[in-house]
Amino acid sequence: MQKFRNLGGSVAIKAKGTTLSVEFATDTYTVIGEVKSITGPSFGEVSTPESTHLTSAAREYIAGMTGGGTLSFDLHFDPDNASHSALSDLVINPAVVGFKVTFADATPAIYSFDGILKNFDISVSSFDDLLSASCSVQISGLITKA
């Protein structure tokens with residue numbers, strides 16, 4: 001794996017080699033083929049319920065629940081690819097399934113979460129372009145990092 005040191009001394013890591021996997025079968029993750037880009041996972045937003053009371057000097061808030069994040073990804077669509085077919089089935093028959101993003105660093109870092117595939121949108125742009133699909137996932141629960 002190739003790392004790049006920037007002027008600040010930190011190490012930049014290439015995105016090439018990052019994978020997205022889905023748990024189509026219990027305890028078995030399948031890498032989704034032909035993924036072009038991944039945005040997320042986003043960790044959502046922490047709610048901030050107001051806790052102001054009659055003797056407060058100013059508005060007060062507490063940290064509430066976290067979550068509600070998303071992940072989106074684009075891929076080169078292949079109707080004969082088993083992982084693409086299984087993804088589209090998750091929109092036809094919605095279910096909460098496991099997702100895993102594995103980054104291409106030396107360790108590697110893995111972000112895992114449960115989610116619901118919200119869409120699988122196929123795109124045919126022009127005669128000289130490739131078939132593609134755009135997908136988004138609603139994250140359910142917390143994201144774990146390993």
Side-chain angles (χ1 to χ4, degrees), residues 1-77 81-125 129-146:
M1 183 201 62
Q2 192 174 16
K3 290 187 176 184
F4 299 92
R5 187 162 306 280
N6 66 23
L7 295 178
S10 63
V11 176
I13 299 169
K14 282 189 168 188
K16 183 179 179 350
T18 298
T19 60
L20 174 63
S21 304
V22 181
E23 188 180 18
F24 293 122
T26 305
D27 296 327
T28 304
Y29 281 84
T30 301
V31 173
I32 303 303
E34 301 286 332
V35 172
K36 299 187 301 184
S37 65
I38 302 169
T39 302
S42 71
F43 288 83
E45 186 173 303
V46 176
S47 66
T48 53
E50 187 170 349
S51 60
T52 308
H53 50 84
L54 293 175
T55 59
S56 295
R59 291 191 179 271
E60 297 175 3
Y61 300 87
I62 60 172
M65 294 185 75
T66 188
T70 59
L71 176 129
S72 59
F73 60 100
D74 296 316
L75 52 84
H76 292 299
F77 176 60
N81 183 304
S83 64
H84 297 180
S85 178
L87 278 172
S88 63
D89 287 348
L90 283 175
V91 176
I92 296 166
N93 300 302
V96 176
V97 296
F99 289 85
K100 191 184 322 184
V101 178
T102 305
F103 294 101
D105 53 332
T107 327
I110 300 170
Y111 286 41
S112 302
F113 53 91
D114 288 336
I116 302 163
L117 188 68
K118 292 175 57 173
N119 65 296
F120 189 91
D121 299 331
I122 299 169
S123 176
V124 181
S125 297
D129 204 358
L130 300 175
L131 293 178
S132 62
S134 296
C135 306
S136 62
V137 177
Q138 176 63 56
I139 296 172
S140 177
L142 295 174
I143 298 169
T144 59
K145 297 186 283 184

Q) Does any non-hydrogen side-chain atom of Phe99 lie less than 4.5 Å from one of Val137? A)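 Yes. Closest side-chain heavy atoms under 4.5 Å.
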Q.
Working to the nearest 0.5 angstrom, can you tell me the gap between Phe43 CZ and Lys145 NZ?
A.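 Spacing of CZ (Phe43) from NZ (Lys145) equals 5.0 Å.
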Please set out all donor-acceptor pairs under 3.5 angstrom arising from side-chain atoms of residues 18-35, sequence neighbours excluded.
unit_1, atom_1, unit_2, atom_2, d
Thr18, OG1, Ala15, O, 2.8
Glu23, OE2, Asp27, N, 2.7

Q: Just jot down the side-chain contact (heavy atoms from CB on, under 4.5 Å) partners of Leu130, sequence neighbours excluded, or say none.
A: His76
Q) What pairs with Asn119 under side-chain contact (heavy atoms from CB on, under 4.5 Å), at least two apart in sequence or on another chain? A)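 Testing Asn119 for side-chain contact (heavy atoms from CB on, under 4.5 Å), a comparison that skips the adjacent residues, returns Asp121, Ser136.
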Sequence neighbours excluded and cut-off under 3.5 Å, please list the side-chain donor-acceptor pairs for residues 61-75, or say none.
unit_1, atom_1, unit_2, atom_2, d
Asp74, OD1, Ser134, OG, 2.7
Asp74, OD2, Ser37, OG, 3.3

(Q) A quick test of your reading: do over 12 heavy atoms of other residues, nucleotides or ligands sit less than 6.0 Å from CD of Glu60? (A) yes
For residues 106-117, which side-chain donor-acceptor pairs fall under 3.5 Å, sequence neighbours excluded?
none

Q | Residue pair Ser88 / Phe120: nearest heavy atoms and the distance that separates them | A |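 Minimum heavy-atom separation between Ser88 and Phe120: CB-CD2, 4.0 Å.
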Q | Non-hydrogen atoms of Ile139 and Ser42 that approach each other most closely | A | CD1-O, 3.5 Å
Q | Sequence-distant partners of Glu50, salt bridge (Lys or Arg N to Asp or Glu O under 4.0 Å), two or more places apart | A |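 Only Arg59 meet the salt bridge (Lys or Arg N to Asp or Glu O under 4.0 Å) criterion with Glu50.
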